[in-house]
K.L.:
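Handing you a structure now.
What you see is a predicted model, and the numbers here were worked out from it, not measured in a lab. Each residue takes its place number in the sequence, starting with 1.
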Amino acid sequence: MALLVRLLALALALALGPAATLAGPAKSPYQLVLQHSQLRGRQHGPNVCAVQKLIGTNKKYFTNCKQWYQRKICGKSTVISYECCPGYEKVPGEKGCPAALPLSNLYETLGVVGSTTTQLYTDRTEKLRPEMEGPGSFTIFAPSNEAWASLPAEVLDSLVSNVNIELLNALRYHMVDRRVLTDELKHGMALTSMYQNSNIQIHHYPNGIITVNCARLLKADHHATNGVVHLIDKVISTITNNIQQIIEIEDTFETLRAAVAASGLNTVLEGDGQFTLLAPTNEAFEKIPAETLNRILGDPEALRDLLNNHILKSAMCAEAIIAGVSMETLGGTTLEVGCSGDMLTINGKAIISNKDILATNGVIHFIDELLIPDSAKTLFELAAESDVSTAVDLFRQAGLGTHLSGNERVTLLAPLNSVFKDGTPRLDAQTRSLLLNHIVKDQVASKYLYHGQTLDTLGGKKLRVFVYRNSLCIENSCIAAHDKRGRYGSLFTMDRMLTPPMGTVMDILKGDSRFSMLVAAIQSAGLTETLNREGVYTVFAPTNEAFQAMPPEELNKLLGNAKELANILKYHVGDEILVSGGIGALVRLKSLQGDKLEVSSKNNVVNVNKEPVAEADIMATNGVVHVITTILQPPANRPQERGDELADSALEIFKQASAFSRASQRSVRLAPVYQRLLERMKH
């Protein structure tokens, strides 16, 4: 029975394949990057890793796939070198690094990994070397020789002048009294050091970088008989203050300190968690206009939004940034954190003046420029950063600035600057009224708009929303960029000046002398009531010239046949509203006559059935009018299409004859006759 169970288990494992029998625990980001480096180095022999070296520095990085192809770290070029992967060494005369490093105690392993200075300072203490050479299980995060050399002279002097207290304590802070490998180093965890049980902050980032109190782990998992050694690029020190306490004691944070207190965020910054505070200095606050600063400081909601925009949800050490990465703030916005050489950047700007100030609940970077979120800005401030400055100047000149800078809940429909390339409209009562109809009474977001919705304006008009496959339009104007939501107002960037509807389709046609013949034809065909009542129509309106271009006898015949005239006119009317911005490449629009109109747009020119539209988007309360200079013919009226129908009939006859020929030789002889008939009708 036991044998049968084992056989069944083996059969199941074989059926599930290698993944079932070989699957192990998921690899950490560091292990994945190391694995990729080893993959890139395998052509040079076993256990060889490809390493990217930053040109002009001693900085080296194991390479991930993206870095391998870009060959850049923080925008700076790198060169690829090949060296033994951690834990292996070369053998004279053999390729690669075939030999595992011999296991020795922690003290001797320090020399193997390139931390001889740590060895030297260990020797100077009376107690530590025997501990490192003796029994037990320890982890040491050993600073590299370069890390010790980069310490300020006064710091190093204070350590070596009191080796059995200061230096010993400093070294013990780098140690943990158990073996900790990289697969156990989780993002945001704290390890208890051997100095007064003080915490060491560990961060393990998705790009494979591991930091220890913001010092980068250079070489990891060097096993020793009594523990493991990890080489790091800095000498680390104890962390005693939380973020709020650091704000309290730093002179350069006087304004920030007052702002945090006023917002109530001090409870967050002194609480548990792992945050990154992009801390604006006094200088950063002084750079913005006093009026703006006072407005934000006096508005609790705007102030909280401002400060939340400076707090990242997770701790981000500078050493972990090797390329741009989007990070979420407490306010829900995202900031692009990147680097350029040795400088950290926020949204592409090198505004970080001091980095990696460690706190018990995160890390602080000093910044010398405020990061004001949209949610704390007025409409004027939103517009200043958008391509709508010309339109906003018009609103200001028209005396409408109070709507854009106060606490009124509105949405501004602001045309792009390019709309005014030929000049701005003259400011008069009519223009001011038009501008008022570009301000919606409520603060709305485009993601909540729906087809057929109406928006009330300050000018008293109701604007309709049209949702198309690739565009979102309000009357004739379509949204050209993502909307911005400010403190009280939202900004929609529009692709043209908006024209509110000024009457029904019939009102528009009657009021324009270009359409006098069309109006008469509509009345003769009995369609006046249709185009006057509520509805959603797209009318391709032929001008008088379009009627006059018809041969007189055809025109008279058409006008004398009310039924045929109605059929033709209905073919000019689509059964939904289609503005030019919603067309895209091609739209097949069903007409009231039943057949479909082919509407296309290319290079800002609208065509219907391949005929150009002379003027688009005259908005009506029950539709939209597009001006054309030809009479559109339904498919059944087009000579070519009538020939096509006859040819299709002949083809059907031919198909039937061919089928019958399988049973009748006589039908086979007749088939060429049908073929010749088909060819004649095709031509």
K.L.:
Which pairs with one or both residues in residues 243-263 pass salt bridge (Lys or Arg N to Asp or Glu O under 4.0 Å), sequence neighbours excluded?
P.N.:
none

K.L.:
Check residues 398-407 and write down every donor-acceptor pair under 3.5 Å in which the side-chain atom is one partner and the other belongs to a residue at least two apart or another chain.
P.N.:
{"from": "His403", "atom 1": "ND1", "to": "Glu408", "atom 2": "OE1", "distance (Å)": "2.7"}
{"from": "Ser405", "atom 1": "OG", "to": "Gly401", "atom 2": "O", "distance (Å)": "3.1"}

K.L.:
What residues, two or more places apart in sequence or in another chain, satisfy side chain to side chain donor-acceptor pair (under 3.5 Å) together with Asn622?
P.N.:
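Once residues adjacent in sequence are excluded, Asn622 has no partner under the side chain to side chain donor-acceptor pair (under 3.5 Å) criterion.
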
K.L.:
Out of Lys461, Lys462, Arg464, Lys441, which one pairs with Asp456 under the salt bridge (Lys or Arg N to Asp or Glu O under 4.0 Å) rule?
P.N.:
Lys462

K.L.:
Listed by chain and number, what are the ring pair (Phe, Tyr, Trp, His ring centres under 6.0 Å) partners of Phe395, not counting sequence neighbours?
P.N.:
none

K.L.:
So, does Gln443 use its side chain to make a donor-acceptor pair with the main chain of Gly486 at under 3.5 Å?
P.N.:
yes

K.L.:
Listed by chain and number, what are the side chain to side chain donor-acceptor pair (under 3.5 Å) partners of Thr504, not counting sequence neighbours?
P.N.:
Asp507, Asn532

K.L.:
Please check if the side chain of Arg295 supplies one atom and the backbone of Ala302 the other of a donor-acceptor pair under 3.5 Å.
P.N.:
no

K.L.:
Side-chain polar contacts of residues 577-590 - donor-acceptor pairs under 3.5 angstrom, sequence neighbours left out - could you list them?
P.N.:
{"from": "Ser580", "atom 1": "OG", "to": "Arg496", "atom 2": "NH1", "distance (Å)": "3.2"}
{"from": "Ser580", "atom 1": "OG", "to": "Asp617", "atom 2": "OD2", "distance (Å)": "2.4"}

K.L.:
Carefully, step by step, assess Glu336 and Ser326 under the rule side-chain contact (heavy atoms from CB on, under 4.5 Å).
P.N.:
CA-CA 5 Å; Glu336 187 73 16; Ser326 293; 2.8 Å; yes

K.L.:
Would a distance-only check, ignoring hydrogens and angles, find a side-chain to backbone donor-acceptor pair under 3.5 Å from His438 to Leu498?
P.N.:
yes

K.L.:
Only counting residues at least two apart or in another chain, list the ones meeting side chain to side chain donor-acceptor pair (under 3.5 Å) with Asn347.
P.N.:
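Counting only residues at least two positions away or on another chain, Asn347 forms no side chain to side chain donor-acceptor pair (under 3.5 Å).
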
K.L.:
Looking at residues at least two apart in the chain, or sitting in another chain, which of them share a ring pair (Phe, Tyr, Trp, His ring centres under 6.0 Å) with Phe253?
P.N.:
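So Phe253 forms a ring pair (Phe, Tyr, Trp, His ring centres under 6.0 Å) with Phe366.
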
K.L.:
Hey, is the main chain of Val605 close enough, under 3.5 Å, to the side chain of Asn603 for a donor-acceptor pair?
P.N.:
no

K.L.:
Sequence neighbours left out, what passes ring pair (Phe, Tyr, Trp, His ring centres under 6.0 Å) with His203? Give chain and number order.
P.N.:
His187

K.L.:
Applying side-chain contact (heavy atoms from CB on, under 4.5 Å), run through Thr411 and Ile439 and close with a yes or a no.
P.N.:
CA-CA 6 Å; Thr411 299; Ile439 305 176; over 6 Å; no

K.L.:
Consider only side-chain N and O atoms of Asp428 and Gln430, and report whether a donor and an acceptor are under 3.5 Å apart.
P.N.:
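Side-chain D/A pair, Asp428 to Gln430: absent.
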
K.L.:
Are side-chain heavy atoms of Val625 and Val505 found at a separation under 4.5 Å?
P.N.:
yes

K.L.:
Sequence neighbours left out, what pairs pass disulfide bond (SG atoms under 2.5 Å apart) with at least one residue falling in residues 391-499?
P.N.:
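Found Cys473-Cys478.
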
K.L.:
Can you tell me which residue pairs pass the disulfide bond (SG atoms under 2.5 Å apart) test with a partner in residues 245-289, sequence neighbours excluded?
P.N.:
none

K.L.:
With side-chain contact (heavy atoms from CB on, under 4.5 Å) as the test, would you mind laying out the steps for His365 and Asp356 before giving the verdict?
P.N.:
CA-CA 6 Å; His365 306 298; Asp356 287 348; 3.1 Å; yes

K.L.:
When you check the side-chain N and O atoms of Thr390 and Asn417, is any donor under 3.5 Å from an acceptor?
P.N.:
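A donor-acceptor contact under 3.5 Å links the two side chains.
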
K.L.:
Mind checking the OG1-CD spacing from Thr378 to Glu291? Nearest 0.5 Å is all I need.
P.N.:
8.5 Å

K.L.:
Please say whether more than 12 non-hydrogen atoms of neighbouring residues, nucleotides or ligands are located less than 6.0 Å from NE2 in His482.
P.N.:
no

K.L.:
Got a second to check how far Ile247's CD1 is from Leu277's CG, nearest 0.5 Å?
P.N.:
5.0 Å

K.L.:
Sequence neighbours left out, what pairs pass disulfide bond (SG atoms under 2.5 Å apart) with at least one residue falling in residues 258-293?
P.N.:
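For residues 258-293, and leaving out neighbouring residues, there are no disulfide bond (SG atoms under 2.5 Å apart) pairs at all.
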
K.L.:
So, Asp483 and Ser446: side-chain donor and acceptor under 3.5 Å apart, yes or no?
P.N.:
yes

K.L.:
Counting neighbours of CG on Asp342 that are heavy atoms of other residues, nucleotides or ligands and sit closer than 6.0 Å, is the number greater than 12?
P.N.:
no

